[in-house]
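This report concerns only the one structure given below.
Per chain, numbering begins at 1; letters A, B, ... match sequence-line order.
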Amino acid sequence: MDFRLIEDKWQRYWDEHLDIFCADINSTKEKKYILVEFPYPSGSGLHVGHAFSFTGSDVYARFKRMQGYNVLFPMGWDAFGLPTENYAIKSKRKPQDVTKENTEMFKSQMKRLAYSFDWNREINTTDPNYYRWTQWIFIQLFNKGLAYKKEMPINWCPSCKIGLANEEVIDNKCERCGNEVERRNISQWVVKITEYADKLVEGLDKTDFIEKVKQAQINWIGKSEGARVGFKIKDSKEKLEVFTTRPDTLYGVTFMVIAPEHKLALSLGENNEEIKNYLKEARKKSEMERTELNKEKTGVFSGVYAINPINNKEIPIWISDFVLSGYGTGAIMSVPAHDERDFAFAKKFNLEIIPVIKPEFISMDVIEKNVFSTEKDKKREELKQIKLNKLLKGEEPYVEAIGELFNSEDWNGLRVPEKFDVILEWLKNKGIGEKTSTYHLRDWIFSRQHYWGEPIPMIYCKKDGWQPVPEKELPVLLPEVEAYEPTEDGKSPLSKIKEFVNCKCPLCGGDAQRETDTMPNWAGSDWYYLAYCVADKLKSNKLNDIDGDIFSNSQRELKKWCPVDVYVGGDEHNTLHLLYSRFIYQFLYDIGVIPKEVPEPYYKRMSHGVILGSDNQRMSKSKGNVIVPETVADVYGVDVIRMYLMFMGPFDGTMAWNEKTLMGVKRFLERFKNLIDDVIDEINWSTFAQNTENEYPQIKVVVNKKIDKITKEIEHFSYNTAIASMMELLNEIREMRSNPEYSFVREGVDNKVFVLNLKRVKDIVRLIAPFAPYTAEELWYAIWMKENNKSEIDASYESIHVQEWPDIEKEYLVGDKIMLAVAVNGKVREQLEISSEKVRDEKDVLMRAKSLKKLSIWLMGKKIVKEIYVPGKMVNFVLEG
RNA sequence: GCCGCUGUGGUGAAAUUGGUAUACACGCCAGACUUAAAAUCUUGUGGUAGCAAUACCGUGUGGGUUCGAUUCCCGCCAGCGGCACCA
């Protein structure tokens with residue numbers, strides 16, 4: 001196959017001329033930072049999903065480079081993580097060695113697929129020069145009080161023997177291995193991302209993420225506004241604080257519920273068997289079991305009463321696991337008349353129900369359709385009354401909770417939720433409650449009991465408590481160990497290494513112990529887009545010779561490249577990686593190490609789609625539907641697979657692999673190549689200078705229109721239509737060439753006329769360069785040899801990939817003739833050809849349209865009521881009747 | 001339940017601010033070349049009726065706005081993704 005020879009040739013050439021694709025900090029050209037999520041270098045190599053997102057990003061980067069931007073398009077390795085560790089355990093090899101092998105494999109596969117990454121900026125999260133700064137960031141978090149150690153129930157995977165963040169648990173199963181997750185109490189490092197909840201929402205305004213991504217983040221953070229209300233506990237000095245979004249229903253509170261993990265519950269459980277048992281049962285249940293929907297409510301009376309601050313009524317306090325300890329205050333005030341869960345609980349345990357809101361809003365779907373509007377109003381009134389009666393009898397709750405308050409003393413007659421502000425003000429003045437907000441977002445568990453991650457740079461001293469490792473001593477190197485398995489009690493294998501664990505307290509110099517947990521694999525990816533900007537410093541620095549931190553020392557680089565202009569990635573990272581890394585960035589910004597001009601790390605987020613197997617199922621080894629890009633490239637060539645991936649469908653869509661469609665792209669590339677080869681043959685190179693003018697006038701418009709269209713389509717990542725446009729262009733040119741009217745006259749005859757002249761040919765080759773870099777380079781080279789009368793490449797050759805994107809000759813965007821659709825009553829009946837100068841002449845166009853022969857059938861004997869002309873598009877005659 | 005998205009031929013999918021629905025490609029039908037097949041090339045290809053010109057219908061569904069709606073508005077139906085005992 002000769003494509004393989006061509007690929008090898010140009011790969012070598014590009015490797016030798018790496019600067020073609022490197023970003024230059026000294027360039028005065030406008031910068032574009034194009035980022036694609038870096039891969040985890042697994043042992044199975046680059047899969048087609050990688051190929052898809054990388055190709056899409058690469059096309060954009062190449063396009064922007066040709067448009068004259070100073071493009072930063074880097075690549076690196078997110079190499080810490082479990083698969084490598086598990087592989088190391090199984091094969092008894094060092095994770096370091098395995099990682100090195102895998103990254104080398106990935107890199108060579110990427111090079112073959114012609115990704116134009118700036119390899120000078122390659123980074124690796126497992127490189128001590130890299131994770132030194134991951135550790136440094138952690139120390140800053142600790143110093144600012146945003147990282148703390150906490151004994152907390154975590155999701156424990158018994159198979160991986162690791163604690164998981166909530167985000168890593170799906171359906172109560174471990175995200176990685178699929179095993180059931182248990183709950184366990186372990187002392188963990190926790191990062192206070194909740195402190196940044198509001199900032200993370202507000203910051204979205206400074207980005208150009210699509211609505212989907214913004215919404216996903218906002219939902220994940222899940223802010224709800226309401227009030228914090230304090231309830232006195234009877235015969236005690238203690239207070240029970242609750243959070244509620246409906247302080248207006250305070251008169252309807254008939255009991256309170258606290259979570260089994262609540263302080264009060266725990267202390268009451270100490271000397272009450274029934275409570276003790278309930279707490280024990282609750283602890284056994286997994287988060288999943290506890291939050292399962294429609295589950296029968298369970299609970300136990302605490303034996304203690306609270307005082308409702310608004311009317312001094314005594315209300316019982318219950319303990320139930322439907323209240324979550326991690327949300328709000330872990331305690332709720334229950335208003336069974338207006339909340340479904342409270343209602344279910346009240347019914348089960350026979351508790352009092354006091355309605356306080358008169359039903360007003362009745363969902364439309366309960367009212368039958370095709371009822372007249374006056375009847376509808378009547379019906380609505382009836383329903384309201386029925387609802388009220390049921391409510392008063394305690395038969396069902398009114399969960400919409402919109403309407404007038406009653407049973408509420410001073411507040412009677414107030415319409416809620418409109419009058420929330422009045423009520424909040426009232427509560428504040430009486431010292432009962434305060435306006436506040438709560439979030440669904442939880443603090444981020446940052447400890448992993450594993451080997452293959454960044455050591456957490458902390459030291460525990462009995463005297464001084466937790467102390468960060470002095471910054472000068474970073475990185476805390478990951479030591480080599482004998483065995484990589486976590487210990488049976490769930491500790492990191494690092495805990496077995498005495499030389500690592502035992503150290504001196506940085507404060508008092510006494511004996512102390514190192515933290516043996518490592519960081520989650522999000523840690524390294526939180527700042528990798530910054531690392532690319534300073535990659536040369538990461539590399540050139542000896543470990544401890546920097547004064548201050550790398551960010552403060554790189555303001556020029558950060559100012560130059562940040563923010564990321566386009567960030568291409570998968571939707572699965574919209575809430576996790578994207579939120580975590582925005583948090584870390586905002587934190588670094590707040591401590592002043594990031595240039596003030598750049599408050600957010602990513603400007604635009606581009607979602608890439610998913611490629612399914614040819615059976616329309618997600619690709620997986622067990623299904624045997626995996627497509628390996630390299631294998632496809634072996635058969636069809638790299639350009640074919642690149643172009644096919646981009647042609648399959650919209651870049652952010654979900655598409656199934658289809659080998660047959662791939663043939664269409666293959667044919668296109670072959671026809672394209674043949675056409676250019678033919679034209680190169682036809683040009684008389686001894687007098688080629690003349691050829692720039694000698695061509696059919698029609699071709700000017702055809703090519704210019706397509707350049708214009710394709711440019712816009714690539715800009716919008718609409719690659720499938722951009723390729724379709726190229727196919728159209730090729731089809732049109734081929735049609736013209738086969739038309740005897742246009743056939744060119746070979747040299748030796750006076751009137752040499754070409755369908756395509758040299759300029760057009762060059763433009764067309766440039767158009768496919770981002771998609772098919774090998775084919776484009778080969779054709780460009782063929783032209784160069786002819787033009788310069790060379791037989792082999794030399795230093796004067798300039799790659800197609802540093803050429804300028806074809807410019808558009810605006811004067812040739814419109815042909816001299818335009819076809820208009822002529823419609824009668826909105827239905828197209830005829831076509832009208834007009835000359836382009838007449839486009840604006842409405843009178844003339846309408847007159848011509850009216851006099852069209854075919855139209856007389858439709859217009860005869862009818863009166864035209866209205867005549868509409870959309871310039872350049874269509875004419876419409878509206879008839880009477 | 002809440003949030004976001006999608007619905008167009010046999011298939012993947014196109015369609016600037018409302019302006020000729022189905023571009024491009026696959027597949028299929030027929031033809032050319034060939035002993036034959038593959039490859040390549042040419043033509044056709046939404047549905048119904050008709051020899052045909054042509055007509056009518058047609059973008060999940062029912063309405064509405066408009067000279068004109070795949071596009072805008074309202075109500076349904078179906079599917080996808082995310083969140084979910086979050087007080």
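Computed from coordinates, the Arg341(A) CZ to C85(B) P distance equals 9 Å when rounded to whole Å. Counting to the nearest Å, the P atom of G12(B) and the CZ atom of Phe668(A) are 23 Å from each other. As rounded to whole Å, 14 Å separates atom P of A87(B) from atom NZ of Lys223(A). Straight-line distance from the CD atom of Glu713(A) to the P atom of A15(B): 8 Å, rounded to whole Å. The distance from atom CG of Asn731(A) to atom P of C24(B) is 7 Å, rounded to the nearest whole Å. Protein atom CD1 of Ile857(A) is 10 Å distant from nucleotide atom C1' of A53(B), rounded to whole Å. Atom CE of Met727(A) is separated from atom P of G12(B) by 17 Å (rounded to the nearest Å).
Classification of the His577(A)-His573(A) ring pair by plane angle, with boundaries at 30° and 60°, yields perpendicular.
Residue-level contact check: Asn876(A) touches the bases, meaning some heavy atom is under 4.0 Å from a base atom. Residue Gln831(A) is classed as a base contact, given a heavy-atom separation below 4.0 Å to a base. Looking at heavy-atom distances under 4.0 Å, Met874(A) makes contact with a base. Looking at heavy-atom distances under 4.0 Å, Asn720(A) makes contact with sugar-phosphate atoms alone, never a base. At a threshold of 4.0 angstrom between heavy atoms, the contacts of Lys827(A) are confined to the sugar-phosphate backbone, with no base atom among them. Using a 4.0 Å heavy-atom distance criterion, Gln215(A) is classed as a sugar-phosphate-only contact.
Which of C67(B), A14(B), C41(B) sits closest to the side chain of Arg734(A) comes down to C41(B). Of the listed nucleotides (A55(B), A25(B), C26(B)), C26(B) has the atom at the smallest distance from the side chain of Lys660(A).
Base pairing annotation: C24(B) forms a Watson-Crick or G-U wobble pair with G12(B), both donor-acceptor distances under 3.5 Å. Pair assignment for G7(B) gives C77(B), based on Watson-Crick or G-U wobble hydrogen-bonding distances that are each under 3.5 Å. Using the Watson-Crick or G-U wobble rule with both distances under 3.5 Å, G18(B) pairs with nothing in any strand shown. Of the nucleotides present, A32(B) is the one that pairs with U40(B) by Watson-Crick or G-U wobble criteria, both distances under 3.5 Å. Figure legend. U66(B) is base-paired to no nucleotide; pairs are counted as Watson-Crick or G-U wobble with both atom distances under 3.5 Å. Applying the Watson-Crick and G-U wobble criteria (two distances, each under 3.5 Å), A52(B) pairs with nothing in any strand.
If Arg671(A) and Asn219(A) are placed on RNA chain B by their nearest nucleotide, the residue sitting closer to the 5' end is Asn219(A).
Side-chain atoms of Lys297(A) and base atoms of C85(B) include a donor and an acceptor less than 3.5 Å apart.
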**Report entry** ring pair (Phe, Tyr, Trp, His ring centres under 6.0 Å) between Phe345(A) and Phe255(A), intermediate numbers included
**Finding:** CA-CA 10 Å; Phe345(A) 196 81; Phe255(A) 59 98; 5.6 Å; yes

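Salt-bridge formation is detected for the pair Arg605(A)/Glu37(A): a Lys NZ or Arg NE/NH1/NH2 atom is positioned less than 4.0 Å from an Asp or Glu carboxylate oxygen. With respect to the salt-bridge test (charged N to carboxylate O, under 4.0 angstrom), the residues Asp339(A) and Arg246(A) do not qualify.
Phosphate proximity of G19(B) to Lys873(A): absent, as no side-chain N or O sits under 4.0 Å from OP1 or OP2.
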